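Each remark here refers to the structure printed beneath this line.
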Amino acid sequence: MFALVDANSFYVSCERVFDPTLIGMPVVVLSNNDGCCIALSDEAKQLGIVMGTPIHLLKEQIRKNNIQLRLRSSNYTLYGDMSNRMMNLFRRFVPCQENYSIDEAFLDMTGLYQKDLLQLGMTIRQTVGQYLGLPVCVGIARTKTLAKLANRYAKKHHKNLGVHFLANEALTTQALKATPIGDVWGIGHRLSAKLLQSGFATAYDFMQNAPAQWVRKEMSVVGERLLKELRGTPAIKWDYTPPIPQNVGTSRSFGTLQTSYEIVVAAMATHTSHCALKLRSNKVCASAIQVFLQTNPYRTQDKQYYQSTVVELPVPTHHTAELIHHARIGLERIFKKGYKYQKVGVNVLDLVPENQIQYSLFDSMDRQKAAHMMGIVDSINAVQGRHTVFFAAQGDREDYKLRAQYISGRYTTSWTELPVIIE
Amino acid sequence: MAFTPPSRDYTENPIDLNQVLVADKEATFYYRIQTQALINALVTYGSIAIIDRSQTAQNGDMVLARIGNEEKLRLLRKNEHKVLLCPANSKYKEIDITGRQDVTIIGVVTYIINDKTIWADVCTR
């Protein structure tokens with residue numbers, strides 16, 4: 001048996017834990033750089049606001065309709081810490097879990113001492129609610145796909161209980177019948193349209209009526225796996241440890257459009273330094289680095305430019321200075337004067353574990369010393385904050401820093417930004 | 001061969017405040033206090049409260065309570081008839097929360113941290 005636990009409106013819920021005036025209010029969380037809506041509370045949904053709405057339209061709605069919409073810039077430091085706490089709490093209930101995204105995890109409930117799984121689901125929900133203040137829903141069933149489906153059913157039909165367990169045939173059938181085919185895990189827009197056309201309106205229709213041959217022909221191995229999962233035989237593998245990422249990238253829009261090479265190169269150096277940190281914490285090195293640069297395609301009045309390039313590294317590395325040096329070579333190749341740039345980004349490519357690197361015979365760098373230096377930089381930044389020690393190439397962050405006008409505090413990770421009890 | 005000092009057998013890790021101050025890492029949050037409501041319970045304006053949300057509040061505990069959409073720090077006092085949220089300062093009133101649906105006890109205050117700036121204003125007589 002498997003459970004899928006996820007937090008309701010996770011970003012909004014995190015904000016509400018530390019700002020009770022947001023409870024019961026329509027709340028919208030904005031994307032990086034305050035561009036558009038990426039998360040919204042039920043109350044905001046009821047106002048007709050949808051994901052992706054740009055901020056100027058939100059502001060217009062607030063003004064025109066005089067609604068009390070509350071805005072928040074995304075605060076990933078806070079969401080990340082709350083997510084870690086939540087995932088750690090799950091560990092107290094089950095021996096194995098797969099942290100599937102920032103706000104959801106699959107829990108393996110096979111062979112537990114606790115036999116009443118519905119009760120276990122309710123305990124998990126109660127614990128996360130009390131300990132962290134986050135509302136979660138739990139779906140329990142025989143496969144991952146059915147657990148997802150049960151979770152969705154709990155959200156739609158048992159909002160107050162928040163837990164649904166497909167404990168037997170009848171309950172499973174009922175949930176399958178209540179799930180439109182497009183809402184089944186792994187079925188995208190195009191596939192959903194095709195299945196609807198073929199007469200499968202619900203998950204139940206598909207499971208009951210789709211001929212095996214047709215599924216194999218039209219949906220290949222994905223369809224066969226789905227059919228198995230819906231019929232209660234686990235067919236999707238478990239990922240207890242996330243695999244080594246093959247690429248790591250960082251790119252951000254500038255707070256305002258930029259024309260100067262100095263500022264673009266400084267922002268690029270900062271992105272590179274983030275990538276390098278990610279590499280080091282995953283104990284992998286990059287063999288190449290890709291740099292890209294673009295103008296804002298929505299500003300049709302501006303001249304448009306997009307270009308990217310890949311720079312091969314002499315020896316795979318995760319050393320910040322070395323990566324910045326090569327990224328800069330790439331940027332010099334593609335940077336052109338006279339454009340208003342919106343975004344610069346870097347991707348580090350072809351990652352290899354740090355202990356499997358072939359050193360070059362002609363390598364002139366003292367790699368041990370360099371690694372030692374980066375270790376010291378990382379430990380200082382881990383304790384004192386991300387930008388305490390940085391490379392001079394990163395320049396003055398104020399020039400290109402993100403807009404985050406409505407950001408809340410780093411309530412759980414910074415002594416200077418604790419929530420305040422005022423009276 | 002170098003001499004092994006006998007003290008090595010007695011080596012222990014140095015004191016870690018987390019061992020005492022944090023019973024449940026996941027459920028512990030820190031708040032800055034800016035109220036005089038609990039001054040007689042030795043909670044000064046500007047101190048830091050360590051709040052454990054995993055604990056169920058008992059009679060006599062100091063708690064963080066949510067009343068409507070306001071948060072207050074108070075002492076929880078219960079008897080057979082009533083549940084009260086009490087201040088420790090005569091300028092504040094106690095709040096009767098018996099049977100109230102709009103009140104939630106968020107967590108229990110387990111420790112209060114003061115820094116040295118606090119002593120400056122203390123009456124020494």
Side-chain angles (χ1 to χ4, degrees), chain A residues 5 7 12-27 41 43 68 70 78 80-93 97 99 105 123-124 126-136 160 408-423, chain B residues 17 21-39 41 43-57 62-74 85-89 91-93 95 101-109 112-113 115:
Chain A
V5 191
V12 173
S13 298
C14 287
E15 298 286 349
R16 282 176 169 167
V17 172
F18 300 97
D19 183 355
T21 67
L22 298 176
I23 295 170
M25 297 285 290
V27 184
S41 70
E43 296 82 358
Q68 296 254 312
R70 303 281 299 269
L78 176 66
D81 183 65
M82 293 301 279
S83 172
N84 284 339
R85 288 173 187 248
M86 184 170 78
M87 300 303 175
N88 289 346
L89 282 185
F90 296 155
R91 206 157 291 145
R92 301 184 188 183
F93 297 97
Q97 71 191 69
N99 300 346
T123 309
I124 291 174
Q126 199 277 329
T127 305
V128 178
Q130 183 192 325
Y131 287 27
L132 304 180
L134 299 173
V136 298
N160 289 327
S408 51
R410 292 175 296 154
Y411 301 120
T412 59
T413 54
S414 167
W415 282 113
T416 57
E417 297 177 29
L418 297 181
V420 183
I421 305 169
I422 301 180
E423 217 178 315
Chain B
L17 282 177
L21 301 185
V22 182
D24 190 314
K25 188 159 73 84
E26 272 69 39
T28 298
F29 295 88
Y30 305 88
Y31 284 76
R32 178 78 60 182
I33 299 168
Q34 294 185 355
T35 172
Q36 302 282 8
L38 289 159
I39 195 74
V43 178
T44 48
Y45 191 99
S47 50
I48 290 169
I50 301 181
I51 292 177
D52 186 344
R53 297 183 61 134
S54 74
Q55 297 190 19
T56 310
M62 186 181 292
V63 297
L64 176 64
R66 181 174 295 159
I67 305 162
N69 53 17
E70 265 186 288
E71 279 175 348
K72 286 187 194 324
L73 217 54
R74 289 292 187 271
L85 290 176
C86 303
N89 179 341
K91 292 186 187 132
Y92 292 75
K93 287 201 178 97
I95 306 163
Q101 297 295 310
D102 62 332
V103 177
T104 321
I105 305 298
I106 303 290
V108 174
V109 177
I112 297 285
I113 307 173
D115 72 56

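So you know, we letter chains A, B, ... as the sequences are listed, proteins then strands, and number each from 1. Everything quoted here is computed from the prediction, not taken from an experiment.
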Original post:
Mind checking whether B/Phe29 and A/Tyr411 have side chains closer than 4.5 Å, heavy atoms only?
Top reply: no
Original post:
Between A/Tyr131 and B/Ser54, which heavy-atom pair has the shortest distance, and what is it?
Top reply: CZ-CB, 3.3 Å
**OP:** Look up atom CD1 in A/Ile422 and atom CD in B/Glu71, then write down how far apart they are to the nearest 0.5 Å.
**Re:** 11.0 Å
Original post:
Given a strict heavy-atom distance threshold of 4.5 Å, which part of B/Tyr45 is in contact with chain A: side chain, backbone, both, or neither?
Top reply: neither
Original post:
Do any N or O atoms from the side chain of A/Gln130 and from the backbone of B/Arg53 form a donor-acceptor pair under 3.5 angstrom?
Top reply: yes
Original post:
Relative to chain A, which of B/Ala27, B/Ala49, B/Gly68 shows the most heavy atom pairs under 4.5 Å?
Top reply: B/Ala27
Original post:
Quick one: of B/Asp52, B/Leu64, B/Asp24, B/Leu73, who has the most non-hydrogen atom pairs under 4.5 Å with chain A?
Top reply: B/Asp24
Subject >> Heavy-atom pair of closest approach, residues A/Trp415 and B/Arg32 >> reply: O-NH2, 3.8 Å
**OP:** Heavy-atom distances under 4.5 Å only: say whether B/Thr104 touches chain A with side chain, backbone, both or neither.
**Re:** neither
Original post:
Picking from B/Thr28, B/Thr56, B/Ile105, which has the most non-hydrogen pairs under 4.5 angstrom with chain A?
Top reply: B/Thr28
Subject >> B/Gln55 portion near chain A, given a 4.5 angstrom heavy-atom threshold >> reply: backbone
Subject >> Engaged part of B/Ile48 at the chain A interface, taking heavy atoms whose separation is under 4.5 Å >> reply: side chain
Subject >> A/Thr21 versus chain B, the contacting section by heavy-atom distance below 4.5 Å >> reply: both
Original post:
Name the one of A/Arg91, A/Arg92, A/Arg85 that satisfies salt bridge (Lys or Arg N to Asp or Glu O under 4.0 Å) with B/Glu26?
Top reply: A/Arg92
**OP:** Measure the shortest side-chain to side-chain distance between B/Arg66 and A/Ile23 over non-hydrogen atoms and say whether it is less than 4.5 angstrom.
**Re:** yes
Subject >> A/Met86 versus chain B, the contacting section by heavy-atom distance below 4.5 Å >> reply: neither
Original post:
CD/B/Gln34 to CD1/A/Ile421 distance, rounded to the nearest 0.5 angstrom?
Top reply: 10.0 Å
